[in-house]
Participant: 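I am attaching a structure below and will ask some questions about it afterwards.
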Amino acid sequence: MKEYFAPLVLAAALAAQPALAEPFRLIVSDLETPLVPNSVMDLALANGYFDRAGVEVELVRVQQTPMAMAALQAGEGEMANVSTDALLQLVARGATDLRAVTSPNKALPFLIAAAPGIASPADLAGKSFGVGRVGSLDHSLSMKVLAAAGVATDELEIVSLGQPAVRAQALMAGQVDATTMSVGTLMSLPERDSVNVLIDADAYYKAAPVVTKVNAVTTETLETRGAEVQAVIEALTLASRDFAADPALWVDRMVVARPDMARADLENLAEAYRQSWSVNGGLQEAELQATTEWMYQGEDFTGLRPVALEEWTDFAPLGAVLAKIGPATGMDTPSQ
């Protein structure tokens, strides 16, 4: 398994090597193997999926989407797993050479958890709710989800707290009444049985079917290394299909990758996510169009020009992969 932590500028000697002689570098914003769904990229590498697809892959690890986007634009990798809103904002501000080509982790497994005594969304009336920041993705998504559940969101006390782990700690400490966190964050809490899950991950996504993460490449990479782009998509799609078909397989692989996690917790995670793997590559035209329209309602897009789907998405590589391996049935139905 090959991976490394990269600076934001490659050494001149490495940059001077012929492009096709280099491994295909996949930029991820997790410093260790994450929990579902992002783990598919690490596990595809560790378990030979890329090798079987005929592409040599290295993981380039950075912290958070802004650094992943910067690394991709600086030529430090050929593909980056990034937030959809960050990609859209760059394109709206003038970037013309970035395209989403697949989404192995399109739906962050968010849920809404609350303090003891808050048993249903209706009980949140007038309560405090922790978010990353006002206008952040978790904030805007959660307000949509809560509104669909009948909560008067304008009556909530919104508290900006930062990252999910911080929000979870604030909930455990009684500093807020409820917050949004991922399934993985919940599983990592030592006293998670003391919080109530008001809206689970499946219900959260159904209420807000927004594609939050995509794998993007530059148009130059599509032109010069298109076959490798397709091979990476193929490997990630086949790994996702295997984990969807056999959640125990994902657990077995994660026990090796994350020995710090209890098998029982991994089993719970596998079951919670088994219907959400991107078994057909995760790019559906209708979902992406709806995602774009919804994101443009947020504060972060104020004043930005609307962007067309073809300005930031290229369905051709995924289409070629599905033509080769065939579509899977049951979930993640391809629509492009």
Participant: Are Thr291 and Thr84 close enough that some pair of their side-chain heavy atoms sits under 4.5 Å apart?
Facilitator: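 Yes, at least one pair of side-chain atoms sits under 4.5 Å.
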Participant: Does Leu26 reach the side chain of Glu78, with side-chain heavy atoms less than 4.5 Å apart?
Facilitator: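 A side-chain contact under 4.5 Å is absent here.
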Participant: One pair to check against side chain to side chain contact (heavy atoms under 4.5 Å, CB included): Asn215 and Met41. What are the steps and the verdict?
Facilitator: CA-CA 11 Å; Asn215 280 18; Met41 289 172 281; 3.9 Å; yes
Participant: When you measure from the side chain of Ser29 to the backbone N and O of Ala68, does any donor-acceptor pair fall under 3.5 Å?
Facilitator: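 Checked: no pair found.
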Participant: Locate the shortest heavy-atom distance separating Asp138 from Gly132; write the atom from each residue and the value.
Facilitator: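 Closest approach of Asp138 to Gly132: OD2-N, 2.9 Å.
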Participant: Could you measure the distance from the NZ atom of Lys213 to the CG atom of Asn38? Nearest 0.5 Å is fine.
Facilitator: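 If I round to the nearest 0.5 Å, the distance is 5.0 Å.
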Participant: What heavy-atom pair brings Ala239 and Val40 nearest, and what distance separates the two atoms?
Facilitator: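 Residues Ala239 and Val40, closest heavy atoms: CB-CG2, 3.8 Å.
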Participant: Take Ile158 and Met143, measure what side chain to side chain contact (heavy atoms under 4.5 Å, CB included) needs, and give me the verdict at the end.
Facilitator: CA-CA 10 Å; Ile158 304 300; Met143 295 305 102; 4.1 Å; yes
Participant: Please find the pair of heavy atoms, one from Asp85 and one from Ser83, that lie closest to each other, and give the distance.
Facilitator: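 Distance-wise, the nearest heavy atoms are OD1-OG, 2.7 Å.
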Participant: Ignoring hydrogens and angles, tell me if any N or O in the side chain of Asn81 forms a donor-acceptor pair with the backbone of Val28 under 3.5 Å.
Facilitator: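 Absent.
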Participant: Can you measure from CZ (Phe315) to CG (Leu288) and round to the nearest 0.5 angstrom?
Facilitator: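 Answer for the CZ-CG pair, Phe315 versus Leu288, is 5.0 Å.
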Participant: So, Thr302 side chain and Glu299 main chain: donor-acceptor pair closer than 3.5 Å or not?
Facilitator: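 Flag set: sc Thr302 to bb Glu299 pair under 3.5 Å.
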Participant: Under the 3.5 angstrom rule, does the side chain of Asp30 hit a backbone N or O of Glu32 as a donor-acceptor pair?
Facilitator: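 Between the backbone of Glu32 and the side chain of Asp30 there is no qualifying donor-acceptor contact (under 3.5 Å).
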Participant: Closest heavy-atom contact between Ala44 and Leu236?
Facilitator: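 That closest heavy-atom pairing would be CB-CD2, 4.0 Å.
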Participant: The test is side-chain hydrogen bond (donor to acceptor under 3.5 Å, both in side chains); show your working for Ser142 and Thr180 and say whether it passes.
Facilitator: CA-CA 7 Å; Ser142 296; Thr180 302; 2.4 Å; yes
Participant: Please check this pair: side chain of Asn196 against backbone of Leu198, looking for a donor-acceptor N/O pair closer than 3.5 Å.
Facilitator: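 Answer holds: no.
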Participant: Salt bridge or not for Lys106 and Glu287, using N-O below 4.0 Å?
Facilitator: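 Salt bridge between Lys106 and Glu287, a charged N being under 4.0 Å from a carboxylate O: yes.
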Participant: Report yes or no: does Arg167 contribute a side-chain atom to a donor-acceptor pair with the main-chain N or O of Val131 at less than 3.5 Å?
Facilitator: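 Side chain of Arg167 to backbone of Val131, a donor-acceptor pair under 3.5 Å: no, none is there.
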Participant: Could you check whether Arg61 pairs with Asp42 (Lys NZ or Arg NE/NH1/NH2 to Asp/Glu carboxylate O, under 4.0 Å)?
Facilitator: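 Yes, Arg61 and Asp42 are salt-bridged.
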Participant: With a 4.5 Å limit on heavy-atom distance, are the side chains of Asp242 and Tyr49 in contact?
Facilitator: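 Yes; the side chains approach each other to less than 4.5 Å.
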Participant: Tyr296 versus Val307: any side-chain heavy-atom pair under 4.5 Å?
Facilitator: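 The answer is yes, as the side chains (C-beta and beyond) meet within the 4.5 Å cut-off.
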Participant: Determine whether a donor-acceptor pair (N or O, by modelled atom type, separation under 3.5 Å) exists between the side chain of Ser128 and the backbone of Asp177.
Facilitator: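 Such a contact is found between Ser128 side chain and Asp177 backbone.
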Participant: With a 4.0 Å cut-off, would you call Asp300 and Arg133 a salt bridge?
Facilitator: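 Yes, charged N to carboxylate O under 4.0 Å.
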Participant: Give a yes or no on whether the backbone of Thr33 and the side-chain of Arg258 come within a donor-acceptor separation of less than 3.5 Å.
Facilitator: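 Such a contact is found between Arg258 side chain and Thr33 backbone.
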Participant: Side chain to side chain contact (heavy atoms under 4.5 Å, CB included) for Ile112 and Leu146? Distances and angles first, verdict last.
Facilitator: CA-CA 9 Å; Ile112 292 178; Leu146 289 173; 3.6 Å; yes
Participant: Answer yes or no: is there a donor N or O on one side and an acceptor on the other, between the side chain of Arg25 and the main chain of Glu22, under 3.5 Å?
Facilitator: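 Looks like no, no N/O pair under 3.5 Å.
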Participant: Report yes if the side chains of Val214 and Val101 come closer than 4.5 Å at any heavy-atom pair, otherwise no.
Facilitator: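 Answer no - side chains too far apart.
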Participant: Answer with yes or no whether the side chains of Ser39 and Trp250 bring together a donor and an acceptor at under 3.5 Å.
Facilitator: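 Checked: Trp250/Ser39 side chains pair up, N/O donor to acceptor below 3.5 Å.
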Participant: Does one hydrophobic cluster hold both Val176 and Phe129, with members joined at side-chain heavy-atom distances below 4.5 Å?
Facilitator: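 Yes, Val176 connects to Phe129 through the hydrophobic network.
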Participant: Does any non-hydrogen side-chain atom of Asp51 lie less than 4.5 Å from one of Leu45?
Facilitator: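 Sidechains of Asp51 and Leu45: no contact.
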Participant: Can you find a pair of side-chain heavy atoms, one from Arg263 and one from Asp252, that are under 4.5 Å apart?
Facilitator: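 Heavy-atom side-chain distance check passes, below 4.5 Å.
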Participant: Are Phe110 and Leu156 connected into the same hydrophobic cluster when the rule is that any two of I, L, V, M, F, W, Y join if their side-chain heavy atoms are below 4.5 Å apart?
Facilitator: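 Yes, because Leu156 and Phe110 connect within a single hydrophobic cluster, where side-chain heavy atoms sit under 4.5 Å apart.
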Participant: Using the rule that Ile, Leu, Val, Met, Phe, Trp and Tyr join whenever any side-chain heavy atoms are under 4.5 Å apart, tell me whether Phe24 and Leu318 fall into a single cluster.
Facilitator: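 Result: yes, single cluster for both.
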Participant: Could Arg305 and Glu311 be called an ion pair, given the rule that one side-chain N must be under 4.0 Å from one carboxylate O?
Facilitator: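 Looking at Arg305 and Glu311, the cut-off is met.
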Participant: So Met69 and Ile27, do their side chains get closer than 4.5 Å, heavy atoms only?
Facilitator: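 In short, these two side chains do not touch, never coming nearer than 4.5 Å.
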Participant: State yes or no: do Tyr273 and Val255 share one hydrophobic cluster built from I, L, V, M, F, W and Y residues joined by side-chain heavy-atom distances below 4.5 Å, directly or via other members?
Facilitator: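 Yes, it is one cluster - the side chains of Tyr273 and Val255 are joined through contacts under 4.5 Å.
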Participant: Honestly curious: do Leu161 and Leu141 fall in one hydrophobic cluster under the side-chain, below-4.5 Å linking rule?
Facilitator: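 Leu161 and Leu141: one cluster.
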Participant: Got a second to check how far Tyr204's OH is from Ile199's CD1, nearest 0.5 Å?
Facilitator: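 If we round to the nearest 0.5 Å, Tyr204:OH and Ile199:CD1 are 8.5 Å apart.
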Participant: Supply the atom-to-atom distance Glu234 CD to Leu322 CG, rounded to the nearest 0.5 angstrom.
Facilitator: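 Between Glu234 CD and Leu322 CG, I get 10.0 Å after rounding to 0.5 Å.
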Participant: Can you name the closest pair of heavy atoms from Gln230 and Ala320 and give their distance?
Facilitator: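 Scanning both residues completely, I find the closest heavy atoms to be OE1-CB, 3.5 Å.
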Participant: What's the separation between atom CE in Met181 and atom CG in Leu189, rounded to the nearest 0.5 Å?
Facilitator: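 Here the rounded value is 5.5 Å.
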Participant: Would Gln89 and Arg93 count as a side-chain hydrogen bond (donor to acceptor under 3.5 Å, both in side chains) here? Give the steps.
Facilitator: CA-CA 6 Å; Gln89 288 176 51; Arg93 291 189 171 102; 3.3 Å; yes
Participant: Look at the side chain of Asp200 and the backbone N and O of Ala203, then say whether any donor-acceptor pair between them is shorter than 3.5 Å.
Facilitator: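 Yes, the answer is positive, given that a donor and an acceptor are paired below the 3.5 Å cut-off.
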Participant: Looking at CG of Asp265 and CG of Asp260, how far apart are the two atoms once the value is rounded to the nearest 0.5 Å?
Facilitator: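 Those atoms lie 10.0 Å apart.
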Participant: Let's go through Thr237 and Ser240 carefully: what are the C-alpha distance in whole Å and the side-chain angles of both, what is the deciding distance for side-chain hydrogen bond (donor to acceptor under 3.5 Å, both in side chains) to 0.1 Å, and is it a yes or a no?
Facilitator: CA-CA 5 Å; Thr237 304; Ser240 296; over 6 Å; no
Participant: Please name the pair of heavy atoms, one in Val183 and one in Ala201, separated by the smallest distance, quoted to 0.1 Å.
Facilitator: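 Val183 and Ala201 have their closest heavy atoms at CG2-CB, 3.8 Å.
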